[in-house]
Number of protein chains: 2
Amino acid sequence: MQTEEEILKIKKVKNTAVRTVVLRHLLSQEKAQSLKDIENALVYTDRSSIFRTLKTFEKKKVIHSIEDGSGMTKYAVCAEGCNCDPKDLHYHFYCTNCEKTFCLFDVTIPNIQLPNNFKLQQANLVVKGLCDNCNK
Amino acid sequence: MQTEEEILKIKKVKNTAVRTVVLRHLLSQEKAQSLKDIENALVYTDRSSIFRTLKTFEKKKVIHSIEDGSGMTKYAVCAEGCNCDPKDLHYHFYCTNCEKTFCLFDVTIPNIQLPNNFKLQQANLVVKGLCDNCNK
DNA sequence: TAATCTTTGCAATCGGGTTGCACCAAAAAC
DNA sequence: GTTTTTGGTGCAACCCGATTGCAAAGATTA
Ligand SMILES: [Mn+2]
Ligand SMILES: [Mn+2]
Ligand SMILES: [Zn+2]
Ligand SMILES: [Zn+2]
């Protein structure tokens, strides 16, 4: 596992106090975090600073965003070597019981066959159901 | 192609003026429509009436909603016989150029393999890229 | 040091979505 | 056929997540 500093260095994002603490928080959570989640966790950091940090991180591919249908965009740290292009595609799982959203890095995505002459760029693939913890 | 009246009858939704015109509009469009889209098209119908109509339609499975990441929920008429359960799953395509979102009914969805003990209930699968019209 | 660029915090704003309420029309009860 | 009940509609207000303008603080460069 890389440290915050290493990740920021690799992704060419200048290290600042807010960025370090936001990234550290994201790394410490198993579920993808919304702006509100982060705001609640980092009570001394302003929402707009967190927001802009997330935008910066996303542009520099430190994190990726997930639209899970909850109405709040969620963010998760990219896997090592991720470039956020089709080869990095993975499902996201939203548990309808515990309401956690997380990346399913270990599930391979079948090749997506598109109609003739369509070009795949990215995808937002959210699978919903019960996670192992809640499916008992 | 079924008429609005037939669809509403089959799905057990009472036919009203607003419902007929909203459904007719949805049927007439090739791309999935946002609340705003419909509002702009039906200038004499109130937004909240359209909104409540969409909610009713969704509950009664006349339409399904799509989170394409644009920030606005889109709606499309369900295919005949659709029950909005896993067997009715299909990809949605969002063209990053013309910004149309639509159902890919003809592309079969590969079986989604989840980790042990996860249970699939639904999914929101949005594929992004260039549609055939824009990929030239 | 002085000038310049970037980051941060605060407050205000935007916009999609949602709701309370009064009115009205259709359906049900009488 | 008239009254009562139920449900749909329009209007205005509101909620809340996201976004932005601006000035202060901090970092970088000349
Ligand atoms: Mn992910
Ligand atoms: Mn669809
Ligand atoms: Zn769960
Ligand atoms: Zn297109």
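From a predicted model like this one, the values you see are computed outputs, not experimental measurements.
For N83(B), the CG atom is densely surrounded, since the number of other residues' heavy atoms within 6.0 Å is greater than 12. At most 12 non-hydrogen atoms from other residues, nucleotides or ligands lie less than 6.0 angstrom from CD of E80(A).
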Extract from the structure each pairing of a protein N or O with an N or O of nucleotides 6-8 of chain C at less than 3.5 Å, listing the distance.
| unit_1 | atom_1 | unit_2 | atom_2 | d |
| --- | --- | --- | --- | --- |
| dT7(C) | OP1 | R19(A) | NH1 | 3.1 |
| dT7(C) | OP1 | R19(A) | NH2 | 2.9 |
| dT8(C) | OP1 | T16(A) | OG1 | 2.5 |
| dT8(C) | OP1 | V18(A) | N | 3.4 |

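A salt bridge is defined here as a Lys NZ or Arg NE, NH1 or NH2 lying under 4.0 Å from an Asp or Glu carboxylate O, and E99(A) with K31(A) fails to meet this definition.
Taking atom CZ on F51(B) and atom P on dC15(D), their separation rounds to 16 Å, with Å as the unit. When the C1' atom of dT9(D) is taken as reference, atom NZ of K55(B) falls 18 Å away, rounded to whole Å. Following rounding to the nearest Å, R47(B) (CZ) and dG17(C) (P) show an atom-to-atom distance of 10 Å. In this structure, N15(B) places its CG atom 10 Å from P of dA27(C), rounding to the nearest Å. Computed from coordinates, the I50(A) CD1 to dG9(C) C1' distance equals 11 Å when rounded to whole Å.
Near DNA chain D, defined here as any heavy-atom distance below 4.0 Å, there are no residues from residues 59-69 of chain B.
Considering only heavy atoms from C-beta on, L125(B) comes within 4.5 Å of I112(B) through its side chain. Two residues are said to be in side-chain contact when any heavy atoms from C-beta on lie closer than 4.5 Å; E67(B) and T73(B) meet this criterion.
L89(A) and F93(B) fall within a single hydrophobic cluster, where Ile, Leu, Val, Met, Phe, Trp and Tyr are joined by side-chain heavy atoms under 4.5 Å apart, directly or via other members. Taking hydrophobic clusters as Ile, Leu, Val, Met, Phe, Trp and Tyr residues chained together by side-chain heavy-atom distances below 4.5 Å, F102(B) does not share a cluster with Y94(B).
No hydrogens or angles considered: a donor-acceptor pair under 3.5 Å links the side chains of Q121(A) and T96(B).
Between T73(A) and dA18(D), a side-chain N or O to OP1/OP2 separation shorter than 4.0 Å is present.
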